[in-house]
Amino acid sequence: MTPTSPAASAIDVAVVEDDAACRIALVAALNAAPDMRLLWAPATRAEALAALGDRMAQAPDVLLVDLGLPDGSGLDVIAAARTRWPGVAPMVSTIFGDEEHVLAAIEAGAMGYLLKDATPEAVIGEVRSLHAGGSPINPLVARKLLLHAQRGGAPAADVAEAIEAAAGDELPSLSARELEVLRLVSRGHTLAEVAQALVVSPHTARTFVRRIYAKLQVKSRDEAVRVAAHQGLLDGR
């Protein structure tokens, strides 16, 4: 199910999707994308959890998960993946757009939320966006989250981040994962060591560093550490 000649810096993606037609279309789109590499694509919760439990399994950069699996909820897969690989970026692709499912997915660790009205090509674009630091979210879902907040709800930090991303706003602050990377870098860790600590690919670690530099408006490790220290971002490191 993997491309014949994946690029060395490809985005590693895993898919959990029970609908055969949807899974086949996604697999085909992933395999056709020159910057993607499909790791595995199980159809059930049990198969996905088995893949996660494989000690030899490679951590994906992005995990695309359907919530309505035939033998349980995709939320369990997201939670298990985040427990084993804290650096993985899960994204939901589902027919469920109600507030309960959305909030539950974000609490489980989802960083993006798509509805199944998107084409496979559009999903590939959202995978790239998520991997680059965005939080792709369906506009209708974003509206429900905003209404939830206006009613006095207390969405998690990731919910607020997703809403901002959906509105097209740039985030001036560093995410929790970016702060973790920055603190590792400030201690002198190499990119390879950062990748190992976060259980992500070196390509993903490099992407984090580039995003940190862009947000801090710096061009080197020394500048980043100096600016971060000035802003108090390294307190308690």
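- Here the rule is side chain to side chain contact (heavy atoms under 4.5 Å, CB included) with Val181, and of Leu184, Val185, Leu179 only Val185 fits it.
- Using a 4.5 Å cut-off on side-chain heavy atoms (C-beta onward), Val209 and Arg206 make no contact.
- No side-chain heavy atom of Val102 sits less than 4.5 Å from a side-chain heavy atom of Phe96.
- Contact of the Glu180 side chain with the Leu198 side chain is registered, since non-hydrogen atoms from C-beta on lie closer than 4.5 Å.
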Show me the donor-acceptor pairs, under 3.5 Å and distance only, between side chains in residues 60-69 and residues at least two apart or in other chains.
{"residue": "Asp61", "atom": "OD1", "partner": "Ser201", "partner atom": "OG", "Å": "3.2"}
{"residue": "Asp61", "atom": "OD1", "partner": "Thr204", "partner atom": "OG1", "Å": "2.4"}
{"residue": "Asp61", "atom": "OD2", "partner": "Asp12", "partner atom": "N", "Å": "2.9"}
{"residue": "Asp66", "atom": "OD1", "partner": "Gly68", "partner atom": "N", "Å": "3.4"}
{"residue": "Asp66", "atom": "OD2", "partner": "Lys116", "partner atom": "NZ", "Å": "3.0"}

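- With rounding to the nearest 0.5 Å, the separation of CD1 in Ile24 from CG in Asp19 is 9.0 Å.
- Closest of all the heavy-atom pairs between Ala41 and Arg23 is O-CD, 3.5 Å.
- Inter-residue side-chain proximity for Pro42 and Val16 is flagged as met; some heavy-atom pair is nearer than 4.5 Å.
- Between His101 and Thr94, the closest side-chain pair of non-hydrogen atoms is not below 4.5 Å.
- Annotation: Glu223, atom CD; neighbour count of heavy atoms from other residues, nucleotides and ligands within 6.0 Å is above 12.
- One finds the CE atom of Met111 at 7.5 Å from the OG atom of Ser135 (value rounded to the nearest 0.5 Å).
- Residues Ile95 and Tyr113 are members of one and the same hydrophobic cluster, defined by side-chain heavy-atom contacts under 4.5 angstrom among Ile, Leu, Val, Met, Phe, Trp and Tyr.
- Under the 4.5 Å side-chain criterion, counting only non-hydrogen atoms from C-beta, Leu39 is not in contact with Val13.
- Here the closest heavy-atom approach between residue Ile78 and residue Ala110 is recorded as CG2-N, 3.9 Å.
- To the nearest 0.5 Å, the span separating CG on Leu234 from OG on Ser186 amounts to 4.5 Å.
- A heavy-atom distance below 4.5 Å is not found between the side chains of Arg45 and Ser73.
- In this structure, the side chains of Val27 and Val15 stay at 4.5 Å or more apart for every pair of heavy atoms.
- Minimum interatomic distance between Ile124 and Ala33 (heavy atoms only, all atoms of both residues): CG2-CB, 4.3 Å.
- Note that CD of Glu126 is 9.0 Å distant from CG of Asn138, once rounded to the nearest 0.5 Å.
- Summarising the geometry of Pro90 relative to Leu130, their closest heavy-atom pair is O-CD2, 4.2 Å, with the distance given to 0.1 Å.
- Ion pairing between Asp35 and Arg128 holds under the 4.0 Å rule for side-chain N and carboxylate O.
- Smallest separation of non-hydrogen atoms from Ala43 and Pro70: O-CD, 3.8 Å.
- Taking both residues in full, the closest heavy atoms of Ala105 and Val92 are given as CB-CG2, 3.8 Å, listed atom of the first, atom of the second, then distance.
- Judged by distance alone, with hydrogens and angles left aside, the side-chain atoms of Arg37 form no donor-acceptor pair with the main-chain N or O of Ile11 at under 3.5 Å.
- Atom CD1 of Ile212 is separated from atom CG of Leu182 by 5.0 Å, given to the nearest 0.5 angstrom.
- Atom-to-atom distance recorded for Leu52:CG and Arg84:CZ is 7.0 Å, nearest 0.5 angstrom.
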